[in-house]
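Structure, as C-alpha cells:
Just so you know, residue 1 is the first one in the sequence shown, and it goes up from there. Indexing begins at 1, ligand by ligand and atom by atom, following the structure's order. Quick note: numbers below take in every heavy atom, side chains included, and nothing from hydrogens, waters or symmetry partners. Since the model is a prediction, treat every value here as computed from it, not as a measurement.
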Amino acid sequence: MSTKIVIDCDPGHDDAIAILLALASPEVELTGVTTVAGNQTLDKTTRNALVTLEIAGRSDIPVAAGAEAPLRRELRTAAHVHGETGLDGPELHEPSSRPVGGPAADFLAELMEPGVVLVPTAPLTNVALLLERHPDVHERIERIVWMGGAIGEGNVTPAAEFNAFVDPEAAAAVFASGIPITMIGLDVTHKALFTREHAERLRSTGRAGRFVAELSDFFQQFHERSYGFGGSPIHDAMAIAHVIDPTLVTTRHANVAVETRSELCDGRTVVDLRGVTGREPNADVGVDVDAERFLELLVSRIASLP
Ligand code: RIB
Ligand code: CA
C-alpha cells in the first residue's frame, strides 16, 4: 500500500532529484506537483518541474504554479547555488507539457485527502496560502514533511536556512497550524553527501541517471566552494526518503518557532530540543540520519529509472 504524496517545490537541483526519487519508489505515489518561487523565479521553477517529470516520462503528473513571491517580503533567489536556469549543468529542453490552470494553493486543496503526505521542499508560501484560503484542509493532510530549517547553523545566513529565510511568515504560520509536521533540516541533510562516485554510478544508467549526474556535477561546485565539502547534500531528496523509509532519519518531538522580527536572525527555526521555553512541542525534528543507507536508497532508485 503506497502513500500518496504531493511535492511543493522550487527546482532547484535537489528538488528535481527528490521528484525523481519519488517517481522511482513504489512506497509513494506522487499525485501532483506544485511550484513556488525560491531557488529561482516562479517561471523557472515551474519549467524545471515540467522538464524533470518529462525526463522521467511522467508528464501525466499534474503541475500547478503557485506564489511568485513570499507572503510579505521581497523574493530572494539562489542563482549562486542553482544557476540562472535553476537547473544549471544538464542541457535543458523546453518542456512540451504545461502547468494546469489555477493557483497552487487551490490545486493543493483539491489534492489533499485523508492519508496524503504533503512534502514541501521550498519556502512555505504555497502551504501558508493553502491553509489561509482553505481552513478546512487541516483534517485532510496526514502530515507535512518539510525540507527546511536548521537546529544549528543556517546556510543563507549564519542563523537561517534558505527555505525558512525566504518566507519566515509562511513558515511561522505552518508550524503554528497544528498539522503534524516533520522538519528535515540542514543538521541531517549535511550529514549525507552525494559524491562524484555516486554520480559516476548513475551517469550511464539511463536518461534520469545521466540527468542526476549532470545536476550533481554543477551542484557540487557550490558546496566545494562554500563549504569545502567533497560532495553535495541532496537536501530535498531526504524529505522524500523519510516518507519512503522513516527509519533513515531519527527525529525528536520538539517546539519549533520561526523568527520573523530580527535584524540578524530572521527566518531562524528556533528548535527547543530540551523543552526550556515551555512552548508545546509542535514538530518532529530530524536530529540524525543513516547517511549510508539514505545514499544507497537514492542511487539505487534513480538507477532504476529509464
Ligand atoms: O536550504 C536548502 C533548501 O533550499 C533546499 O530545498 C534547496 O532546494 C533550497 O530550496
Ligand atoms: Ca528546494
To which protein heavy atom is [atom] closest, and what is the distance rounded to 0.1 Å?
| atom | value |
| --- | --- |
| atom 10 (O) of ligand 1 | Asn163 OD1, 2.8 Å |
| atom 2 (C) of ligand 1 | Glu161 OE2, 3.3 Å |
| atom 6 (O) of ligand 1 | Asp236 OD1, 2.6 Å |

- request: Please work out which of the three classes, parallel, tilted or perpendicular, describes the rings of His13 and Phe219, given edges at 30° and 60°.
  value: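 Rings of Phe219 and His13: parallel, as their planes differ by under 30°.
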
Using the six-membered ring wherever Trp is involved, compare the ring planes of Phe229 and His223 and label them parallel, tilted or perpendicular (cut-offs 30° and 60°). parallel

Quiz prompt | Electrostatic pair Glu296:Arg293 at N-O distance under 4.0 angstrom | solution =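 Answer for the salt bridge query: no.
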
Notebook entry, point to check: If you measure from the Lys or Arg side-chain nitrogens to the Asp or Glu carboxylate oxygens, is any gap between Lys4 and Glu142 under 4.0 Å?
Noted result: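 So Lys4 does not pair with Glu142 through a salt bridge.
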
| message | Can you give me the closest heavy-atom contact between Gly209 and Ile302, atom names plus distance? | response |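 Here Gly209 and Ile302 meet closest at CA-CG2, 4.0 Å.
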
All heavy atoms of Ser2 vs all of Pro26, minimum pair found to be CB-O, 3.1 Å

Quiz item: Taking atom CD of Glu139 as the centre, does the number of heavy atoms from other residues, nucleotides or ligands within less than 6.0 Å exceed 12?
Solution: yes

Greater than 12 external heavy atoms within 6.0 Å of Arg72's CZ =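 Count not over threshold, so no.
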
Quiz item: Are Leu129 and Ile141 co-members of a hydrophobic cluster defined by side-chain heavy atoms under 4.5 Å apart?
Solution: no

- Under 3.0 Å from the Ca ion (ligand 2), which protein N/O/S atoms are there?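 Counting only protein N, O or S atoms under 3.0 Å from the Ca ion (ligand 2), the list reads Asp10 OD1, Asp15 OD1, Asp15 OD2, Thr121 O, Asp236 OD2.
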
Polar atom proximity, Asn39 to ligand 1 (N or O, under 3.5 Å):
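Yes - when backbone and side-chain N and O of Asn39 are compared with those of ligand 1, one distance drops under 3.5 Å.
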
_With rounding to the nearest 0.5 angstrom, report the CG to OG1 distance, Leu75 to Thr125._
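The CG atom of Leu75 sits 8.5 Å away from the OG1 atom of Thr125.
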
Out of all atoms in ligand 1, which are within 4.0 Å of some heavy atom of [X]? Include the element for each.
| X | value |
| --- | --- |
| Asp14 | 5 (C), 6 (O), 7 (C), 8 (O) |
| Asp15 | 8 (O) |
| Phe162 | 1 (O), 4 (O), 9 (C), 10 (O) |

Side chain, backbone, both or neither: which part of [X] has a heavy atom under 4.0 Å from ligand 1?
| X | answer |
| --- | --- |
| Asn155 | side chain |
| Val81 | neither |
| Thr121 | backbone |
| Val156 | neither |

The residue among Asn39, Asp14, Asp15, Asp8 that forms side chain to side chain donor-acceptor pair (under 3.5 Å) with Thr121 is Asp15

